[in-house]
Amino acid sequence: MKIDHSQPLEYSTEQNKMNILGFWIFLGAEIMLFATLFTSYFVYEDRIGSGPAGAEIFGITPVLFETFILLTSSFTIGLAIHAMRIQRTKAMLVFLGITLLLGAAFLGIEIYEFTHYYHVGATLQTSAFTAILLTTLGTHGAHVTFGLFWGLFIILQIRKRGLTPETANKSFIFSLYWHFLDVVWIFIFSFIYLKGMM
């Protein structure tokens, strides 16, 4: 394996460059998935039947907490990658750990939110609106859950093998995934919650 020392560690081999390109292509497919969910949401958001509308069930406080937590985790994953690039493995692991803790806190609030929706009668069966709302939020939440396990495995690999071109590549790709989830959340916050509260 030929290592190009003039490149950042995550780009230092041809295989690493191909992995990153492949992941960008994968993110393109993920964008299509969420674009489909958002389009469906905009079609069904007024079809509430006898169930509650967004303005009746959305609470600004948990949503602001979720947004603050996820945006902070985007900052900490950026710090982790910066630490990786300057060969500060311990700092990198700390920032990765903080990112995962923030992700877990986000999920905790989302679970609380889903429980609230259930108690006010907003379930998958209530209306087209609640079905697409819960599907969209649930899909994002499932991605965050997957990210928590993925990030944990990366931490374990770095602790076992150290910072290598391979572990750096995996960490960088994970950071792209995490930033993508944050961008999707901004759309959810803006076009589902804020629009729904108006």
Side-chain angles (χ1 to χ4, degrees), residues 1 3 7-13 15-34 37 62-115 134-189:
M1 179 173 66
I3 298 174
Q7 295 286 332
L9 201 54
E10 69 271 20
Y11 282 99
S12 61
T13 68
Q15 182 61 54
N16 280 8
K17 289 175 186 172
M18 292 305 291
N19 290 349
I20 292 168
L21 174 63
F23 194 75
W24 277 112
I25 293 167
F26 167 75
L27 283 184
E30 288 284 281
I31 288 167
M32 294 311 295
L33 166 67
F34 281 101
L37 288 169
V63 178
L64 285 177
F65 272 119
E66 285 171 312
T67 304
F68 175 75
I69 288 168
L70 217 51
L71 290 181
T72 305
S73 77
S74 204
F75 178 64
T76 57
I77 193 72
L79 291 175
I81 297 305
H82 175 69
M84 176 187 84
R85 286 180 175 160
I86 58 173
Q87 303 287 312
R88 300 280 300 275
T89 309
K90 194 173 179 182
M92 178 196 178
L93 290 174
V94 167
F95 286 124
L96 268 175
I98 292 169
T99 301
L100 298 185
L101 286 173
L102 290 167
F106 170 85
L107 270 184
I109 296 172
E110 191 156 74
I111 290 166
Y112 161 79
E113 218 180 349
F114 269 63
T115 309
L134 296 175
T135 302
T136 304
L137 297 179
T139 302
H140 181 266
H143 278 71
V144 173
T145 305
F146 172 76
L148 294 181
F149 287 104
W150 184 7
L152 193 59
F153 283 124
I154 287 172
I155 288 173
L156 294 174
Q157 278 193 345
I158 294 169
R159 285 176 65 96
K160 185 179 177 184
R161 300 181 195 166
L163 206 49
T164 66
E166 187 184 24
T167 56
N169 186 244
K170 289 177 180 178
S171 302
F172 180 71
I173 287 172
F174 172 72
S175 77
L176 293 178
Y177 177 80
W178 201 261
H179 286 308
F180 169 73
L181 294 183
D182 293 344
V183 170
V184 171
W185 180 258
I186 293 299
F187 279 90
I188 289 173
F189 175 72

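Computed from heavy atoms alone, side chains included, the values below leave out hydrogens, waters and symmetry copies.
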**Ile81 side chain near Phe95 side chain, heavy-atom distance below 4.5 Å** = no
Closest heavy-atom pair, Gly103 versus Val144, reported as atoms and distance to 0.1 Å, is O-CG1, 4.0 Å
Distance col, row Leu102:CG vs Ser73:OG, nearest 0.5 angstrom, shows 5.5 Å
- prompt: Would you say the side chain of Phe149 lies within less than 4.5 Å of the side chain of Thr145, judging by non-hydrogen atoms?
  reply: yes
- Message: A side-chain contact here means heavy atoms from C-beta on lying under 4.5 Å apart; do Phe75 and Thr99 qualify?
- Response: no
Minimal heavy-atom distance between Ile158 and Ser171, with the atoms involved, is CD1-OG, 3.5 Å
One should read off an interatomic distance between Lys160 NZ and Thr167 OG1, to the nearest 0.5 angstrom, of 12.5 Å
Contact between Leu33 and Glu30 at the side-chain level, heavy atoms closer than 4.5 Å - yes or no? yes
- Item | Residue Phe153 excluded, over 12 heavy atoms near CZ under 6.0 Å | no
What verdict does the ring pair (Phe, Tyr, Trp, His ring centres under 6.0 Å) test give for Phe180 and Tyr177, after you've listed the backbone C-alpha separation in whole Å, the side-chain angles of each residue and the deciding distance to 0.1 Å? CA-CA 5 Å; Phe180 169 73; Tyr177 177 80; 7.1 Å; no
Here the pair of heavy atoms bringing Leu100 nearest to Gly147 is CD2-O, 4.1 Å
When rounded to the nearest 0.5 Å, the distance separating OG of Ser175 from NZ of Lys170 is 15.0 Å
Has Asn16 got a side-chain atom pairing as donor or acceptor with Pro165's backbone, closer than 3.5 angstrom? yes
Rounded to the nearest 0.5 angstrom, the CH2-CD1 distance for Trp150 and Ile155 is 13.5 Å
Pair Leu70, Ile186 - check side-chain contact (heavy atoms from CB on, under 4.5 Å), show working.
CA-CA 9 Å; Leu70 217 51; Ile186 293 299; over 6 Å; no
Worksheet item: Quick check, are the ring centers of Phe187 and His140 under 6.0 angstrom apart?
Response: no
Met92 and Leu163 have their tightest heavy-atom pair at SD-CD1, 3.8 Å
Below 4.5 Å, heavy atoms only, C-beta onward: do Leu79 and Ile98 meet side chain to side chain? no
key: Verdict with supporting geometry, Lys90 and Leu93, side-chain contact (heavy atoms from CB on, under 4.5 Å)   = CA-CA 5 Å; Lys90 194 173 179 182; Leu93 290 174; 5.9 Å; no
message = For Phe65 together with Phe68, are the ring centres under 6.0 Å from each other?
response = no
Output for pair (Ile77 CD1, His82 NE2), nearest 0.5 Å, gives 14.0 Å
Output for pair (Leu64 CG, Phe189 CZ), nearest 0.5 Å, gives 5.0 Å
